[in-house]
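Shown next, in C-alpha cells, is the structure this report addresses.
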Amino acid sequence: GSSFNFGAYHRLETIYSWMDTLVSEYSTLVTKLEIGRSYENRPMYVLKFSKGGNKPAIWIDTGIHSREWVSQATGVWTANKIATDYGRDASLASLLDNMDIYMLILANPDGYDYTHNNNRMWRKTRSENPGSMCRGVDPNRNWDAGFGGPGASSNPCSDSYHGPSAHSEIEVKNVVNFIKNHGNFKSFISVHAYSQLLMYPYGYSCKNAAHQAELDAIGTAAVKKLTSLHGTRYKVGSICNIIYQASGGSIDWSYDEGIKYSFAFELRDTGNSGFLLPPTQIIPTASETWLALKHIMEYVRDHPY
Amino acid sequence: ERLFIGDQVIRINAESEEQIKLLQALETREELELDFWLSPVSMELPVDIRVPSSSLSSVSEILNANNIAYSVLINDLQERLDEEKFEMMENHIKERS
C-alpha cells in the first residue's frame with residue numbers, strides 16, 4: 001500500500017487491486033462488498049468502514065460519470081484517508097463509533113474502463129440501446145426521481161440520455177437495491193467534477209426541498225472549510241437553481257427515499273483543464289474535498305433523525 | 001482508441017439570454033458533434049465546448065456571425081491526452097519497480 005501513488009490516475013484493475021491492499025492492511029476497519037455486476041459483468045465493489053454491527057450509514061459514490069477522473073481519484077484518496085486517520089483523529093473515531101461509511105469508488109466501472117481503453121471522453125454506461133447505434137445511458141438521469149422529465153434526453157445518442165426506464169441501468173439498480181436493503185442510510189453523497197459546486201435536491205424540480213434551509217446551511221459551512229485550504233471557490237445551492245433543471249438524478253432519488261442529507265459535489269477545475277485535470281491537482285482536490293465531506297459527515301452524526 | 005487530434009475546447013462567457021439560446025440551439029446540431037463540457041445555462045456560468053477538428057470552422061463562423069466571443073482553453077485535446085497517458089505510464093513503471 002505504501003507504494004501506491006495517490007497523486008496519479010489509475011486503471012480500474014489497479015484501483016480494485018489497491019482496494020484489496022487497503023482491506024488487508026486495515027482488516028478490522030475496512031471490508032469490501034460486491035453489490036452486483038455492471039452491464040459488462042465487472043464487479044461493483046463498495047468499501048465498508050465500520051467498527052462492527054450495523055449502524056446508521058453514510059453513502060459516498062464517486063465517478064458515476066466515467067470521464068470525471070478526479071472524482072474516482074478523490075475517492076481512492078478519501079478511502080485511504082479514512083483508514084489512515086482512524087485512530088489518530090478523535091472526530092473520525094467518534095463518527096465511526098456512531099455510523100458506518102460506505103464508499104463506491106468506481107460507480108460506473110464499464111465507463112471508467114472505456115475511458116482508459118477506447119474513449120477518454122466517455123461519460124455514460126456502456127449498455128446497448130435497442131434500435132440505436134449509440135450506446136450508454138447517463139446514469140445520473142436514470143434514477144426514479146422525476147424520471148424522463150426536463151433536463152434529460154430521450155435520444156440514445158445524447159450524453160444525457162435517461163434510458164428506457166427508471167433504474168434500467170444495472171449499475172443504478174445495484175445501488176438502489178443496496179441502499180433499500182440496508183434501510184438505514186442517513187446521508188447520500190455523490191461526487192462529480194468539474195465546476196466547483198456543492199448541491200442538494202432538487203434537480204428535477206425547481207421547488208425548494210423541505211429541508212432546503214438546513215441543507216443550504218450545511219453546504220455553506222462545508223464549503224467554507226473546503227475553501228480554507230487552497231482558496232477554491234464553490235457555489236452552494238439546489239441543482240436546479242445553481243446549474244439547471246435535470247431529472248432522474250441520484251441525490252433527488254435518495255432524498256425522496258427519506259435520506260435527508262443528500263448532496264452532490266462538483267470538484268474543482270480552477271484552471272482550464274476540464275475533465276483533464278492534471279494529476280498534480282488530485283491531492284489538493286481530494287484534501288480540500290475531505291474538509292467539506294468531513295463537515296457533512298460530522299453534522300449527520302450530530303443530528304440523528 | 002478514439003483520437004482527438006486537433007479538437008479544441010473553447011470557453012464562452014455568454015453576454016445575453018439571446019446568446020444562451022443560440023448556444024442551446026447549437027447543442028441540438030448533431031452534425032457538429034459538439035461535446036458540451038459545461039452546458040449553456042446562464043450568463044453567470046461559462047460554457048465549455050469540445051469542438052471536433054472537423055467542426056472548428058463551422059462553429060467559429062456561427063459564433064463570429066452572432067458576435068459571440070470565445071477563448072480557446074485547450075488547443076489540441078490529443079496533445080493533452082498524450083501527456084496524461086505518458087504520465088500514467090511513467091507512474092505505472094515507478095510503482096512496479
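Below, read A as the first sequence line, B as the second, and so on, with proteins coming before strands; counting in each chain starts at 1.
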Inset, instruction - Please report the shortest heavy-atom distance between B/E87 and A/P279, naming the atom on each side. - result: OE2-CG, 3.4 Å
Legend entry - Over all atoms of both residues, closest heavy-atom pair of A/S195 and B/L38: CB-CD2, 3.8 Å
Inset, instruction - Measure the spacing between CD of B/E90 and CG of A/N5 and express it to the nearest 0.5 Å. - result: 11.0 Å
Inset, instruction - State, yes or no, whether a side-chain contact exists between B/E1 and A/N118 at a heavy-atom distance under 4.5 Å. - result: no
Legend entry - For chain A, the option from B/L77, B/L81, B/V9 that forms the most heavy-atom pairs under 4.5 Å: B/L81
Inset, instruction - Using non-hydrogen atoms and a 4.5 Å limit, figure out which bit of A/S158 sits close to chain B: side chain, backbone, both or neither. - result: neither
Legend entry - Name of the residue among B/E84, B/R2, B/K85 meeting side chain to side chain contact (heavy atoms under 4.5 Å, CB included) with A/R120: B/E84
Inset, instruction - Could you check which of A/K235, A/R67, A/R11 has the highest count of heavy-atom pairs closer than 4.5 Å to chain B? - result: A/R67
Legend entry - B/S71 OG to A/N272 CG distance, which is reported to the nearest 0.5 Å: 7.5 Å
Inset, instruction - Against chain A, label B/F4 side chain, backbone, both or neither, depending on which of its atoms sit under 4.5 Å from a heavy atom there. - result: side chain
Inset, instruction - Return the minimal non-hydrogen interatomic distance between B/V41 and A/I243, and the atom names on each side. - result: CG1-O, 2.5 Å
Legend entry - Step-by-step side-chain contact (heavy atoms from CB on, under 4.5 Å) determination, B/D48 to A/F275: CA-CA 11 Å; B/D48 290 354; A/F275 301 120; over 6 Å; no
Legend entry - Spacing of B/W37 atom CH2 and A/D159 atom CG [to the nearest 0.5 Å]: 12.0 Å
Inset, instruction - Quick one: which of A/W122, A/Y244, A/Y194 has the most heavy-atom pairs under 4.5 Å with chain B, could you say? - result: A/Y194
Inset, instruction - Enter the distance from B/E30:CD to A/N155:CG here, rounded to the nearest 0.5 Å. - result: 5.0 Å
Legend entry - CD1 on A/I242 to CD on B/E44, rounded to 0.5 Å: 10.5 Å
Legend entry - Spacing of NE2 belonging to A/H10 relative to CG belonging to B/N91, to within rounding of 0.5 Å: 6.5 Å
Inset, instruction - Run the numbers on A/H116 and B/M88 for side-chain contact (heavy atoms from CB on, under 4.5 Å), then give the verdict. - result: CA-CA 11 Å; A/H116 279 270; B/M88 279 186 68; 3.4 Å; yes
